[in-house]
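Letters A, B, ... are given to chains in the order of the sequence lines, protein chains preceding strands, and every chain is numbered from 1.
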Amino acid sequence: MVESTKKKAIGIDLGTTYSCVAVYQNNRVEMIPNDQGFTITPSIVSFIEGGAAVGNAAQMQLVKNPKNTIFDAKRLIGKLMSDQSIQKVKGLLPFELARDQEDRVTIKVEEKKDQPKSTYYPEQISAMILKEMKRIAGIYLGYEVTDAVITVPAYFNQKQRTATQDAGKIAGLNVLRIINEPTAASLAFELEAQSAEDRYILIFDFGGGTFDVSLLSVGDGNNQVLATNGDTHLGGLDIDTKLVEYFVVEFKKATGIDVSMEQQALNRIRTTCEKVKRILSTETETDVTIQNLSTGKDLDMKLSRAKFVDLINPILKRLLPPIEDVLKDANISKNQVQEVIMVGGSTKIPRVRELIKDFFGGKILNHSINPDEAVAAGAAIQAAILNGDQSKQIKDFFLLDVVPLSLGVAISTGGMETVIKRNTPIPFEAKKGFKTASDNQTAAEFKVYEGERPLVKDNYLLGDFEITNIKKAPKGEITFDCKFDIDANGILTVSAYDEKNPHNQNKITVNTKTLPQKKIDELIKQSQDNKELDAVTKTVLDAIISFEYFCDLLKKKFKDRRLKFTPQEKKQMVTSFQQGDKIAKVLKDYGKTVVGLQNLSRYMERYHQELRDLEAIVNPILERVHVAAGLQWRGRKECAGLLEDPKEDQELSKTQTCQHFDGDLD
Amino acid sequence: DSSSGSNNSYSNGEKASVITLPQNIARDLTLLNVPKYVSREDLKKQYHKLAKIYHPDVMQKHEYSENQRLKMEERFKEFNQAYERLVKWVGERDKTLDDDLLKGLRPGVKVNRE
């Protein structure tokens, strides 16, 4: 058999906390591993002197360089600074948010020391992550990938969708389609099931940053979305935040020290909380220890699973109403739901599972698909479908999607006149008549909104246009025919004409209204110009970061009270990490001179040599003190993740091998 | 109000509801090629059958001209509109039938909805 030479299209799950990329080839979905061999990559970008690090390298900077390490871009994309959700998180993020002239959210980062901060749009941050996914897919497939399907939460509004599409363009991708995450998960599930029988399934997708529920009718290759609902601001990150708040209070009770304004301490607590949360998925109690959290005081306490559930109860309470809503919207009773499929990292929390199981009267939940990978797998399937893949398994596969939020026009009372109701199948076209609201009105404004609230002020404005030169007449006498046209991509075009004078018409394609096209073109160009440079910069940055990280590890070991160094060893350790800092600086400066690939290999040789030299001195010492303390020294391997708590050294081998499955993913 | 003779009547004189067929619903039934008493499941199956031919994503696999594609997409939008209306109508129709069945009207009428 032969395979088509046509380039493959990839599927990307651009998650709040982790991203994942997959491709459909050789009649199956293949998950694409990153440079570290993991199929999930942290959705984090860190700006350090000389460039930006993405993924695992950037994650290492979270604690060290919190002000310039950007996570959560997905929850900022397509939003205005004045949005309530942004106002709420603004103070909690370690990096600085600002607004542009149009009130759009921007992120301020320090690219070079002592120079004014640079401004980035969330689209650009997401583009950097997408570009990284594109890069690792390119390495895997052996050619440059351009076509991609990207997933978004089902409950994303039009602006957030367009902004994500723009991020794809800036990353140099041709975005074939933006699809909903739960729908993608359903495709992955159905490909596995290959069932001809018609069933109702519910996808419960609770990830790092967002929560989605979708009800589908599936079978025989059909994947019809019946209803979808959710919360774009509810996920594992919010659970972490609840824990952080709790520990800040407890730490103050125990020591009198308030760390609520200490960014570095907060980030250390946050990193620990994420681990605590994961441990409590399997254990019923855990120790929480952070040495020297602030002014020499340790955070040292226990947390039980019961207390944990108690703390996150406000979040758990928000999980059921969306399920009730989709059932109601689709007019299906809960007994008719044959399968409940759990997706997203946060569904690993036992209490979440219990809650859903109880809601469905003790029904066994389906965990057959990997919650971290299902969404990307589904995106890859849709990418193959749109790419015209003829393979037997997916030939008859297809997806019928719906509009997630109602679309309508503002009327003179400030009310919302819905033209297309939520959960309407797409593509779709609907018409509605409007009339003038006052006597001798010469212009009519059409403001297009999205949302479920009766007043437009509570919904999202998508765009507006005007029909002018209306003939003077008493109110109500001039009528307009307004048409909403939504295509299979979910792109909405609204047009209206004056019925007395059909030539008098106007229209807008609504979702061009996030960043102006000129700005997007500029960003695309900027991103392309740096292509080759980026590849070199990335390698250099990763080397510098891991070297620095190794030095940090040495310092941490030095401070670890369980490790007993002799005076001679102490001296050697101090000399080593002082020397290490110097070398890091040399590597940094040297890094700036690296331009070509040949240059790069010489640089990497130097880096490896320096690291080996340093290890030759410290490894024997650390080996000895670890053994003396009944611990194990795992050398540079301990740098593979963020290590906050030396106690976790024993946990490490477990967390490392589990990292693959343990990430929060949307 | 006579209590004798009619199939659709009950001893207390109450009659079974008449299922009315508004013009646009009649048109929709014809468009999707389904009968008046189509079950919700069969309606869905027929819709899926049509979607497999007319959905824009499916068209990627065939060599249609741009013009043909647009025409088929327009057609599919019409199917979607009809399907939306019919789902709602079938729901209301079944509710009426259910009420009748509960009251013991319409002996012998069985609507398969599973």
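- For chain B, the nearby part of A:Asp198 is the side chain; its heavy atoms alone come within less than 4.5 Å.
- Looking only at side-chain heavy atoms (C-beta outward), A:Asn222 and B:Tyr47 stay at 4.5 Å or farther from each other.
- Residue contact with chain A, scored on non-hydrogen atoms closer than 4.5 Å, is absent for B:Glu78.
- The heavy-atom pair separating A:Leu400 from B:His55 by the smallest distance is CD2-CD2, 3.4 Å.
- Minimum heavy-atom separation, A:Asp487 to B:Glu73: CB-OE2, 3.8 Å.
- Using a 4.5 Å heavy-atom cut-off against chain A, the contacting residues of residues 80-87 of chain B are B:Asn80, B:Gln81, B:Tyr83, B:Glu84.
- Counting heavy-atom pairs closer than 4.5 Å to chain B, the top-ranked of the candidates A:Ser217, A:Pro427, A:Gly219, A:Gly221 is A:Pro427.
- Atom CD of A:Glu192 has 12 or fewer neighbouring heavy atoms from other residues, nucleotides or ligands inside a 6.0 Å radius.
- Side-chain atoms of A:Asp485 and B:Lys77, non-hydrogen and from C-beta on, do get closer than 4.5 Å to each other.
- Taking both residues in full, the closest heavy atoms of B:Phe76 and A:Ile426 are given as CE2-O, 4.1 Å, listed atom of the first, atom of the second, then distance.
- Of all the listed residues (A:Lys421, A:Gln224, A:Gln382), the one sharing the greatest number of non-hydrogen pairs under 4.5 Å with chain B is A:Gln224.
- For the pair B:Asp57 and A:Leu399, the tightest heavy-atom approach, listed with the atom from each and the gap, is OD2-O, 4.4 Å.
- Considering only heavy atoms from C-beta on, A:Asp220 stays 4.5 Å or farther from B:His48 through its side chain.
- In this structure, B:Lys88 places its NZ atom where only 12 or fewer heavy-atom neighbours from other residues, nucleotides or ligands lie under 6.0 Å away.
- Listed by chain and number, the residues in a salt bridge (Lys or Arg N to Asp or Glu O under 4.0 Å) with B:Lys44 are B:Glu41 (sequence neighbours excluded).
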